[in-house]
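For reference, the structure is listed below as structure tokens.
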Amino acid sequence: SDDARTSWRTVFEDTDPKAFLDGLRFWDDERGFVFGDPVENRLMAWITRDRGRTWQKSSESPLAMRDGEAGFAASNSSLLVFGDRSVWIGLGGTPGASQVLMSDDAGLTWRRSVVAPIPSGKSSGIFSLARSPGGKAIAVGGDYLQPERVEGNIAIYDPTSDTWRHPRGRPPRGYRSSVVHCERENREIRWIAIGPNGCDASGDGEDWQPLSDEPFHALSVGADGSVWASGGSGRIAIGELE
């Protein structure tokens, strides 16, 4: 839409009946990235360089995926873009440890990063990724069919060692579908994770405290630092978190 969403036009369509788009993010006003479920066990991903008016495959040789492996359509948060061309995709859906696909060239080439603290399965894996300006990243998820289960719901990325580990303190209280980092000077809460049994917060990403028992599914951070949550039955919440 070019007119404040008054009208819409189709700019891209994958006609394969197996195609399903999971996430869409933009690095800046012009360049964006979208990925979808694998087709014939190949990652489907496209980029735009003109504000989304046209889209091209990110690579002519799509990455091979493991049987059953995919990114979850978790309110657009299993996809993370940052820097100039970096893009990460959190995965699940196949037995073993979860993995994150990492690319530093806008999806032209990829490498895999094993996230041992979060098991992967048909209903489990990484559902959301967030990153601080300093490079620390957090992956959350778990098994959405076992929302109260605490084990395997969070992993911390250490940029110095390029590895994922368990948090050093208490994890969130169950399966988490969204996590965000909120940067504001003098704010004690800098990380928030949310899911169907409540919301948890942390200052350092290592030790998590209950923030609310209200069920929500997705989080977003506004330009002013406010944090927005959305959930079932049309519910929307906002927290200033001073």
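In this chain, numbering begins with 1 at the start of the sequence shown.
- With sequence neighbours left out, Phe35 forms a ring-ring contact (aromatic ring centres under 6.0 Å, His included) with no residue at all.
- Gln56 and Thr54 are linked by a side-chain donor-acceptor pair at a separation below 3.5 angstrom, with hydrogens and angles left out of the test.
- The salt bridge (Lys or Arg N to Asp or Glu O under 4.0 Å) test applied to Asp158 returns no partner, not counting sequence neighbours.
- A salt bridge is absent between Asp37 and Arg42; no separation between the charged side-chain nitrogens and carboxylate oxygens falls under 4.0 Å.
- Aromatic pair Phe82/Trp88: ring centres closer than 6.0 Å.
- Within the hydrophobic cluster formed by Ile, Leu, Val, Met, Phe, Trp and Tyr side chains joined at under 4.5 Å, directly or through other members, Leu24 is accompanied by Val11, Phe12, Leu21, Phe26, Val34, Val39, Met44, Trp46, Trp55.
- The list of salt bridge (Lys or Arg N to Asp or Glu O under 4.0 Å) pairs with a residue in residues 71-88, not counting sequence neighbours, reads Arg31-Asp84.
- Applying the side-chain contact (heavy atoms from CB on, under 4.5 Å) test to Ser202 and every residue at least two apart in sequence or in another chain returns Trp191, Asp204, Trp208.
- Salt bridge absent: Arg170 and Glu206 never bring a charged side-chain N and a carboxylate O closer than 4.0 Å.
- Comment: Asp143 does not engage Arg149 in a salt bridge, judged by the lack of any side-chain N to carboxylate O separation of less than 4.0 angstrom.
- Judged by a 6.0 Å distance limit and a 45° cone about the ring axis, Arg235 is positioned over the six-membered ring of Phe216.
- For Asn197 and Glu148, the side-chain atoms include at least one donor-acceptor pair closer than 3.5 Å.
- Among residue pairs with one or both ends in residues 50-66, those qualifying as salt bridge (Lys or Arg N to Asp or Glu O under 4.0 Å) are Asp2-Arg53, Glu30-Arg51, Arg66-Glu69; sequence neighbours excluded.
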